Amino acid sequence: MRKIAVLTSGGDAPGMNSAIRSIVRYGLSQRLEIIGIERGYQGLIEGDFRKLNREDVSEIVQKGGTILKTARSDEFYKEEGQRKALENLERENIDGLIVIGGEGSLKGAFSLYKLGYPVVGIPGSIDNDIWGTDYSIGFDTACNNVIDAINKIRDTAAAHERTFVVEVMGRDCGYIAFTSGLVSGADVILIPEVPLDFPYIIEKLKERQKKLKRHNIIVVAEGVGSAYFIGKQIEDRLGISTRIVVLGHIQRGGSPSVLDRTLGTFMGIQAVRSLLDKTYGVIIGWQSNKPVSVSLEEVVKNKKRVDPKLYYEVESIL
Ligand code: F6P
């Protein structure tokens, strides 16, 4: 293997730049040529390639987003798009590809692998919904962003004795809501993995009213449904002043946390090693505090979601 490429795809995630940096620097140390593909699979189809040198990845470790840019490419998921992608890789004599991205992007990586191309994936998504890894790059920073926001919301909630419904991202996975809600002292956490139970929410808030707790923080994962609808139900049924905050893309930005930089750094090195060792068709996951190889087939076949048992277990501390 002499020349490898890297792309970032799907939603950007803080820490992706750490992975790019270690792929480039470790790859160069192994005498590989490294090609950066811009705008994910769309750039792969359009041949948007550039050579990456050591200095191209200087001063990026502290930055969120991705220096390679990213996109959600519909074209790549058609046979024609994948054919064009392979043609471009072959024309440029690229021997292997590292894909940094979430569930959909890793499905794309598996499609290329099934067509016979050497591919290794790195889980990069704030949602933490990728099977085979304890963490995906970006999740930790996103949770820190949520915690920071909730700390601020709590000040005004307490001052006005209001209830806040805070909607967080995660698509159909509740990890961001569950983790950040737990550690920020939320009073109610709603995730798509467990059925929405209005009578329970109302009962819990009534209990709090009895204890003279006059402000509440309810963290709701976007996969549960509209935070506005939930807020309206609470206001109508309890007559308490309620406000809605949809945190949105603010969760995806900012300087990556220690964990996300660490994941990016070690997963990047391991992904290059995997290509050099001819271990293709895998992702580099993170289990028990170290990088591990997990088959892409397993990753795309399975879904990682919050265990409802764990949710009900910790309920008593909310
Ligand atoms: O997958 C990451 C994520 O941020 C999800 O949590 C969210 O539902 C989605 O991407 C938003 O996508 P977009 O940035 O394309 O609106």
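Note that this is a predicted model, so its numbers are computed, not measured. Just so you know, ligand 1 is whichever comes first in the structure, and atom 1 is the first atom listed for that ligand. Positions are given from 1 along the sequence.
Taking a heavy-atom cut-off of under 4.0 Å, ligand 1 is surrounded by Arg72, Ile126, Asp127, Met169, Gly170, Arg171, Glu222, His249, Arg252.
The minimum heavy-atom distance linking Ser293 with Ile284 is given by the pair OG-CD1, 4.0 Å.
With hydrogens and angles left out, the side-chain atoms of Arg261 and Ser22 include no donor and acceptor closer than 3.5 Å. For Asn151 and Arg154, the side-chain atoms include no donor-acceptor pair closer than 3.5 Å.
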Let me check something: any side-chain donor-acceptor pairs from residues 48-70 under 3.5 Å, sequence neighbours excluded? List them with distances.
unit_1, atom_1, unit_2, atom_2, d
Asp48, OD2, Arg39, NE, 3.4
Asp48, OD2, Arg39, NH2, 2.9
Arg50, NE, Glu38, OE2, 2.5
Arg50, NH2, Glu38, OE2, 3.2
Asp56, OD2, Asn53, N, 2.6
Ser58, OG, Arg25, NH2, 3.2
Gln62, NE2, Glu59, O, 3.4
Lys63, NZ, Glu59, O, 3.4
Thr66, OG1, Thr8, OG1, 2.9
Thr66, OG1, Leu68, N, 3.0
Thr70, OG1, Thr8, O, 3.4
Thr70, OG1, Gly10, N, 3.1
Thr70, OG1, Gly10, O, 2.6

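In this structure Gln287 satisfies the side-chain hydrogen bond (donor to acceptor under 3.5 Å, both in side chains) test with no other residue, sequence neighbours excluded.
Listed by first and then second residue, the ring-ring contact (aromatic ring centres under 6.0 Å, His included) pairs that reach into residues 58-80 are Tyr41-Phe76, sequence neighbours excluded.
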